[in-house]
Amino acid sequence: MGTVLTPTAYAKLVLHAAKHPSQSVFGLLLGTGNEAIDVVPVTHNFLALSSVFEAAIEQTNLYAATQSSQLRIIGAYVANANLEDTELSPLAAHLALAAAGGVDAPVVLVIDNAKILDGEKSLGLLPFKQQNGAWKPAQGVVTLKGDVFKTLQLIRKALETNFQSLVYDFDNHLDNAALDWLKNGQITQALQLKA
């Protein structure tokens, strides 16, 4: 069974990665079952952040509970600093497993920068799942819910107008507490994406 993303979830993770093209980014997938309804951008520098990461997970869990009793962290996404790197690092796998706590089969989506927004062939997302204690590429594909062409068109236009500068992660929130890193509502509102 593959992973399904809503247009909002896909747009936020693409824009988060685009905002920090030379840094590793990490975020959490919120959803139910195998469907990621939303994402929460966590960091663009996750080399050493144990207590900060724990605080972000706790706040994300609280946020998810206020949105829906069914919504929870089902996995994570990561974009590596090296644009050609599509491997799942041990640190990203460990963080994803810690974040997804009680989920039976969390997924980690590694962003393939060379294929992102290539909607005709793939969404540029490589799914990884734990199998026999090791993280391996997952069977199944990542699909986008709704009108794929329209969603990709809106994201491309957002990138052309530097809209990614309006995506905030927990790192940004630590610098300025007024920034909305959990919902990033301006993305959904401005792109007029429907879940």
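Sequential numbering from 1 along the given sequence is applied to the chain's residues.
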Quick one: closest heavy-atom pair of I187 and K12, and the distance?
CG2-CG, 4.1 Å
Within 6.0 angstrom of Q70 CD, more than 12 heavy atoms from elsewhere
no
Measure the shortest side-chain to side-chain distance between T60 and I73 over non-hydrogen atoms and say whether it is less than 4.5 angstrom.
yes
Looking at NZ of K150 and CG of L144, how far apart are the two atoms once the value is rounded to the nearest 0.5 Å?
12.0 Å
Less than 4.5 Å apart, any side-chain heavy atom of H44 and any of N172?
yes
Flag side-chain contact, heavy atom, 4.5 Å: L125 against L13:
yes
Could you tell me whether the side chains of D171 and T43 share a donor-acceptor contact shorter than 3.5 Å?
yes
Within a reach of under 6.0 Å around CD of E87, are more than 12 heavy atoms found that belong to other residues, nucleotides or ligands?
no
Gap between atom CG of L182 and atom CG of D38 - 0.5 Å precision:
9.5 Å
Counting only N and O atoms by type, is there a donor-acceptor contact under 3.5 Å from the side chain of Y10 to the main-chain atoms of L123?
yes
Would you compute the distance between atom NZ of K19 and atom OH of Y168 and round it to the nearest 0.5 angstrom?
6.0 Å
Holding to salt bridge (Lys or Arg N to Asp or Glu O under 4.0 Å), I want the full list of residues that pass it with D112, two or more places apart in sequence or in another chain.
none
For the pair H173 and W181, name the ring-plane relationship: parallel under 30°, tilted 30 to 60°, perpendicular over 60°.
tilted
Could you tell me which non-hydrogen atom of A36 sits nearest to which non-hydrogen atom of L5, and how far apart they are?
CB-CD2, 3.4 Å
Could you tell me which non-hydrogen atom of L83 sits nearest to which non-hydrogen atom of P21, and how far apart they are?
CD2-O, 3.5 Å
Search all heavy atoms of A17 against all heavy atoms of I111 and return the closest pair with its distance.
CB-CD1, 3.8 Å
Write down the atom of L30, the atom of A64, and the distance for their closest heavy-atom approach.
CD2-CB, 4.2 Å
Would you kindly say whether Q164 and N162 are connected by a side-chain donor-acceptor distance under 3.5 Å?
yes
Which atoms form the tightest heavy-atom contact between F170 and A56, and what is the distance?
CD2-CB, 3.7 Å
